[in-house]
Novice: 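My questions will all concern the structure given below.
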Amino acid sequence: MSTIQGSIMLMDAMSTPLNNIVGAINTTIVALQNVNNTDVSIDTSRLANAQTMIVQAGAQLNEIEKNIQKRIQDNVVEQNKFNTALSKGVDKANSLYGKIKSFIGLYAGIQTVRMGLDVSDNISQTTARLNMINDGNQTTDQLQQAIFQSAKNSRAGFLDTVNVVSKLGLLAPQAFNSNMETVKFSELMAKSFKVGGASTQEQTSGMYQLIQAMASGKLQGDEFRSIMENAPLLAQAISKYTGKSIGELKDMSKEGLITSDVIKNAVFAMSDEINTKFNSIPMTFGDVVTQIKSNAVNSFMRISSTMSGIFNSERFQGFI
């Protein structure tokens, strides 16, 4: 466009001077012809030739100007087409952007519902397991609230604590005298792992090994090594309870002498020391987030129970 604009400016600058030149020469020739009609003889042929050349140049200039004007018009038409296409493209882009936002909103909504249903399913299955291990000394709701308070005391996740208690109740029912004893044991072990500085993954692995030991009735092999590494307080508790050194405990574990009763009694005997050391550890941001999640899950319990009742009703099964 800058080249075209320069051409237009050149044409505008050239047209007037050239026309003035042609006009001046014409006037000069006419004047000389008038003089030529008198007694004075002047040859005006060269001026006539100059006039012819300038007229031709003017004609060429006019032709160039016409071509430039035509190109300008063509460019204007193409520019308008481009502007129209661009405008349509922007409209389509805005429409696509709107559709993308709607899709993202829909996807987020679906994901939220899906996560809510996943949590509801998890809670429903957990509640079913608690129903199976309930010793009858309390309702399942009361057992859930006792576990919730235990999770809060140990800064552990509510569902994680429920899973530990339910697995201990299902896999090692002979190791505990009541559900409340199982809950208390789970709380003390969670605190022991915390005091020992075990990471979340290490706590999960260590608790799994402990559950296996309680289920088999003895602590030995890989289970013993995992507990010694991730829960040193438990090792100290067993050492103090049995009067054996850590080295002697290794020999006991090989012989299968560290039974589930020894583990349970050692933990309960050291409960005051475990609580004291645990309470000296400041709460972290992660602990706060865990408690918020636990509170949310606990509040969702009743809703989940209602949803589970709906899903398992005859009418809903008929709908499926």
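In this chain, numbering begins with 1 at the start of the sequence shown.
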Novice: Would you say I258 and K218 make side-chain contact, with heavy atoms under 4.5 Å?
Specialist: no
Novice: Given the rule that I, L, V, M, F, W and Y join up when any side-chain heavy atoms are under 4.5 Å apart, are F193 and Y208 in one cluster?
Specialist: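 Unlinked, F193 and Y208 end up in two clusters.
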Novice: So do the side chains of K293 and F158 get within less than 4.5 Å of each other, counting heavy atoms only?
Specialist: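 K293 vs F158: side chains apart.
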Novice: Looking at side-chain heavy atoms only, is the closest gap between V267 and L233 below 4.5 Å?
Specialist: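 A side-chain contact under 4.5 Å is absent here.
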Novice: Does S245 offer a backbone N or O that forms a donor-acceptor pair with the side chain of E248 under 3.5 Å?
Specialist: yes
Novice: Could you check whether any side-chain heavy atom of F268 comes within less than 4.5 Å of a side-chain heavy atom of E181, counting everything from C-beta outward?
Specialist: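 F268 vs E181: side chains touch.
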Novice: Is the closest side-chain donor-acceptor distance between D135 and S178 under 3.5 Å?
Specialist: no
Novice: Kindly compute the distance separating CG (L159) from CD1 (I147), expressed to the nearest 0.5 Å.
Specialist: 10.5 Å
Novice: Please give me the minimum heavy-atom distance between G157 and A151, naming the atom from each residue.
Specialist: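 Heavy-atom minimum between the residues: O-CB, 4.0 Å.
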Novice: Going only through I, L, V, M, F, W and Y residues with side-chain contacts under 4.5 Å, is there a path from L170 to L143?
Specialist: yes
Novice: If you round to the nearest 0.5 Å, how far is OG1 of T290 from CG of D160?
Specialist: 8.5 Å
Novice: Which value, rounded to the nearest 0.5 Å, describes the distance between T259 atom OG1 and Q220 atom CD?
Specialist: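 Those atoms lie 11.5 Å apart.
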Novice: I'd like to know if the side chain of N134 reaches the main chain of Q138, judged simply by a donor and an acceptor atom lying under 3.5 Å from each other, with no hydrogens or angles considered.
Specialist: yes
Novice: Can you check whether T284's main-chain N or O pairs, donor with acceptor, with D287's side chain at less than 3.5 Å?
Specialist: yes
Novice: Determine, using the 4.5 Å side-chain heavy-atom cutoff (strictly less than), whether V289 and I281 are members of one ILVMFWY cluster.
Specialist: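 V289 does not cluster with I281.
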Novice: Within the side chain of S186, is there an N or O that forms a donor-acceptor pair under 3.5 Å with the backbone of V183?
Specialist: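 Not at all, since once roles are kept as given, no pair shorter than 3.5 Å links the two residues.
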Novice: Is any side-chain heavy atom of R129 closer than 4.5 Å to one of K167?
Specialist: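 They are not in contact (no side-chain heavy atoms under 4.5 Å apart), so the answer is no.
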Novice: Take M189 and I211 through the test side chain to side chain contact (heavy atoms under 4.5 Å, CB included) and record every step on the way to the result.
Specialist: CA-CA 11 Å; M189 282 309 307; I211 292 172; over 6 Å; no
Novice: Search all heavy atoms of A213 against all heavy atoms of L219 and return the closest pair with its distance.
Specialist: CB-CD1, 3.6 Å
Novice: Are the side chain of N265 and the backbone of D261 linked by a donor-acceptor contact shorter than 3.5 Å?
Specialist: yes
Novice: Does the side chain of L171 reach to within under 4.5 Å of the side chain of M214, using non-hydrogen atoms?
Specialist: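 The answer is no, as the side chains (C-beta and beyond) never meet within the 4.5 Å cut-off.
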Novice: Please check if any side-chain donor atom of Q291 sits under 3.5 Å from a side-chain acceptor atom of N295, or the reverse.
Specialist: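 No, because no side-chain N or O of Q291 sits under 3.5 Å from a partner of the opposite role on N295.
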Novice: Do L249 and S239 have side chains that approach each other closer than 4.5 Å (heavy atoms only, starting at C-beta)?
Specialist: yes
Novice: Counting only N and O atoms by type, is there a donor-acceptor contact under 3.5 Å from the side chain of S216 to the main-chain atoms of Q212?
Specialist: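 A pair under 3.5 Å: yes.
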Novice: Side chains of V262 and T242, heavy atoms from C-beta outward: is any pair under 4.5 Å?
Specialist: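 They are in side-chain contact.
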Novice: Taking all atoms of both residues into account, what is the closest heavy-atom pair of S166 and L130, and its distance?
Specialist: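 Closest approach of S166 to L130: CB-CD2, 4.2 Å.
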Novice: Distance from E187 atom CD to Q149 atom CD, nearest 0.5 Å?
Specialist: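 Reported to 0.5 Å precision, the distance equals 8.0 Å.
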Novice: I need the K277 NZ to D272 CG distance, nearest 0.5 Å.
Specialist: 12.5 Å
Novice: Main chain of F278, side chain of K194: is a donor-acceptor contact present, judged purely on distance under 3.5 Å?
Specialist: no
Novice: Kindly compute the distance separating OG1 (T161) from CZ (F148), expressed to the nearest 0.5 Å.
Specialist: 10.5 Å
